[in-house]
Structure formats: structure tokens, C-alpha cells
Amino acid sequence: RSLAAYASSATYFVIVAPDTPHADLDDTCDLDTYQRRMWCRAEQVCHSMRNGTEGMYLAVGKNIAVEPVRRDFFAESLHVFNGELTCCRLEHKGMGACDRQSLVIPLLGLYGELLRASHEMEREIGNADAIHSVNAFLSEIEKHQEEVFPRTFQRTMWRKNRRVTEEVLLFGDLIDRMKARISSGVGFEIDKENGGTLSTKASETLISHRGSDFLRHGVVHGSAASNSHPVVQIETAL
């Protein structure tokens with residue numbers, strides 16, 4: 001989980017992805033394979049959702065100059081959960097969960113910051129480039145919300161030597177709840193005692209797209225408790 005905190009707080013983000021033979025697989029690693037990996041997409045999104053893409057660069061070969069990424073470079077990376085994962089390739093043998101699940105809270109928190117920044121910018125005169133960057137992210141997310149923040153996903157695991165595929169809760173209704181929370185003028189701040197988040201008026205803590213502070217996010221979500229449908233909870237924080 002430290003990847004989300006570090007990537008979002010870094011001033012610059014340089015993708016070093018030259019053509020390189022894979023150490024364990026009969027494959028060549030390059031920018032395309034980098035872009036296909038879930039964790040590689042995640043680190044890009046964690047940085048760009050907070051900082052935009054102006055501090056992101058590509059280094060793909062010895063004799064090729066390091067160059068800035070395109071402004072729309074984030075569009076593919078936003079589809080984090082469509083990326084490839086080793087845990088899924090191994091069908092989670094000996095594992096308790098899928099890596100996808102560990103990214104729900106960090107990405108939810110960054111999305112909340114982005115959404116709140118957009119609402120603040122509507123009421124205040126700000127940097128035109130920052131406004132454009134924030135709105136570009138939110139527009140792309142809005143068009144592909146179910147892919148960017150899947151409500152559930154199919155997980156294949158092995159239990160007692162049996163291969164089991166099941167539908168597992170991922171974001172559920174968290175994105176809709178975050179939208180409603182920000183639209184109502186309620187934000188979030190650190191609950192230092194409990195390690196979660198408290199409500200706060202958005203105007204009290206403006207988050208810009210070039211902000212340097214990193215909030216810590218914790219949340220519980222799931223269905224109502226019943227004998228047949230137990231509560232599903234995600235209680236985690238960066």
C-alpha cells in the first residue's frame with residue numbers, strides 16, 4: 001500500500017521501460033508490457049490523479065531522450081483493474097485475497113480529492129491548466145466509471161484442491177456515495193485517533209491538483225447484515 005502514498009506524493013514520475021528480456025518468463029518487457037500491468041497502471045494513476053501529467057516522463061532506451069508523456073497518457077492507465085496481475089495468473093493459490101482489493105481505499109481517496117478539487121474550482125478562480133487537468137480526469141472517469149471503478153470482479157481461487165470462481169465485491173456503491181458526499185459539501189479529514197476519516201466542509205481544506213499533502217483514508221462499506229448476506233467490509237488505510 002505504500003506505492004499509492006509514494007507515487008501520489010512524488011514531484012516527478014519517470015517510467016523507465018526499455019526493451020528487456022524477462023528474468024523468469026520467455027518474454028520481452030517494454031513500454032507495452034509495462035502498460036498492461038495492474039500495479040504499473042496503479043502507480044501512474046496514483047501520481048496523475050493528484051498531480052496531473054506535467055511531471056511524468058518516459059525513458060525507453062539508451063539512445064532515446066527522456067520525454068514528457070502525452071497529456072492524455074492517463075486515459076489507458078485509468079483502467080487499473082483491467083491490468084494483468086501475477087496473483088490472478090496463479091489463480092491465487094495459497095493467497096487470501098486478490099491484489100485488486102488492496103487498491104480500493106487508496107484510489108477511492110484520490111478520487112474524492114479530485115472530485116472535491118473540481119467542486120472548489122467551480123466557486124473560485126484558479127489555474128486554468130489545473131482546472132483543465134482535473135476536469136479531463138473526471139470526464140474520462142465519468143465515461144468509463146464501471147470499468148475504472150468496478151463494483152465487483154470475478155476471482156478464481158483454489159480451496160481444498162478445488163478451483164472456485166466467484167464474484168467478489170470491489171468498489172460496490174462507494175463511488176456513488178463519494179459523489180453524493182462531495183456534492184453535498186461534505187469532505188473528509190484525518191481521524192488521527194482511529195486511523196480513518198472524518199467529515200469536513202470542503203471549503204476548509206482545498207485540495208489542488210498540484211497539492212503536496214497526502215490524506216489518509218479509511219472506510220467501511222457493504223450490504224446490510226442478514227443471516228444469508230453477511231456484512232462485507234473493507235477496513236483499511238494507507
Side-chain angles (χ1 to χ4, degrees), residues 1 4-5 7-8 38 41-42 45-46 48-50 74 77-82 97-123 133-155 166-209 211 213-226 228-238:
R1 298 186 186 113
S8 65
M38 190 201 78
R41 294 183 181 191
V45 168
C46 288
S48 57
M49 282 184 75
R50 164 161 292 193
F74 69 88
S77 305
L78 268 177
H79 298 263
V80 172
F81 297 95
N82 288 341
C98 177
D99 283 352
R100 285 182 173 86
Q101 294 162 278
S102 66
L103 280 172
V104 170
I105 298 308
L107 292 186
L108 176 68
L110 287 168
Y111 173 71
E113 286 190 10
L114 198 63
L115 198 60
R116 184 171 62 178
S118 176
H119 279 260
E120 291 287 353
M121 288 173 180
E122 290 177 1
R123 296 192 294 269
S133 179
V134 168
N135 289 336
F137 267 84
L138 292 177
S139 175
E140 191 68 21
I141 290 171
E142 189 68 26
K143 286 188 293 185
H144 306 285
Q145 180 178 313
E146 296 299 323
E147 295 177 30
V148 176
F149 299 121
R151 294 176 183 271
T152 62
F153 74 104
Q154 295 292 315
R155 182 180 66 190
E166 56 192 355
E167 187 173 30
V168 178
L169 181 70
L170 201 59
F171 282 89
D173 64 352
L174 282 175
I175 297 301
D176 296 330
R177 289 167 60 186
M178 179 64 83
K179 287 181 178 179
R181 191 172 188 80
I182 299 300
S183 295
S184 66
V186 178
F188 42 78
E189 65 182 10
I190 301 171
D191 178 355
K192 294 182 179 179
E193 182 177 348
N194 298 313
T197 58
L198 298 173
S199 298
T200 182
K201 292 182 179 179
S203 59
E204 293 175 355
T205 51
L206 173 64
I207 301 295
S208 72
H209 211 211
D213 296 329
F214 195 85
L215 299 182
R216 188 176 176 203
H217 306 278
V219 69
V220 177
H221 78 292
S223 58
S226 68
S228 60
H229 297 89
V231 174
V232 180
Q233 295 184 335
I234 295 180
E235 297 178 327
T236 184
L238 294 178

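- Every salt bridge (charged side-chain N to carboxylate O under 4.0 Å, His left out) that Glu166 has, sequence neighbours left out, goes to Arg155, Arg159.
- Taking all atoms of both residues into account, the shortest heavy-atom contact from Cys98 to Gln101 is N-OE1, 2.8 Å.
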Steps toward side chain to side chain contact (heavy atoms under 4.5 Å, CB included) verdict (Leu78, His144) = CA-CA 9 Å; Leu78 268 177; His144 306 285; over 6 Å; no

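- Leu174 has its side chain out of reach of Phe149: every pair of non-hydrogen atoms, C-beta onward, lies at least 4.5 Å apart.
- Nearest heavy-atom pair across Pro150 and Leu170 is O-CB, 3.4 Å.
- Ring geometry for Phe137 against Phe74 counts as parallel: the plane angle stays under 30°, on a 0 to 90° scale with 60° as the upper cut.
- The shortest distance between side-chain heavy atoms of Val80 and Val148 does not fall below 4.5 Å.
- Distance check, rounded to the nearest 0.5 Å: CD of Glu142 to CG of Asn135 gives 12.0 Å.
- Partners of Glu146 by salt bridge (charged side-chain N to carboxylate O under 4.0 Å, His left out), not counting sequence neighbours, listed by chain and number: Arg151.
- Summarising the geometry of Ile182 relative to His119, their closest heavy-atom pair is CG2-CD2, 3.6 Å, with the distance given to 0.1 Å.
- A pairwise comparison of heavy atoms in Leu107 and Cys46 identifies CD2-SG, 3.9 Å as the closest pair.
- When side chains are defined from C-beta on, Arg177 does not count as touching Leu108, because their heavy atoms never get closer than 4.5 Å.
- Annotation: salt bridge (charged side-chain N to carboxylate O under 4.0 Å, His left out) contacts of Asp99 (sequence neighbours excluded): none.
- Ion pairing between a basic and an acidic side chain is recognised when a charged N comes within 4.0 Å of a carboxylate O; Arg116 and Glu113 show no such pairing.
- When side chains are defined from C-beta on, Tyr111 counts as touching Leu138, because their heavy atoms get closer than 4.5 Å.
- Closest heavy-atom contact between Leu169 and Thr152: CA-CG2, 4.2 Å.
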Met38 and Arg41: CA distance, side-chain angles, deciding distance, side chain to side chain contact (heavy atoms under 4.5 Å, CB included) verdict | CA-CA 5 Å; Met38 190 201 78; Arg41 294 183 181 191; 5.7 Å; no

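- Using a 4.5 Å heavy-atom threshold, the side chains of Leu110 and Ser8 count as touching.
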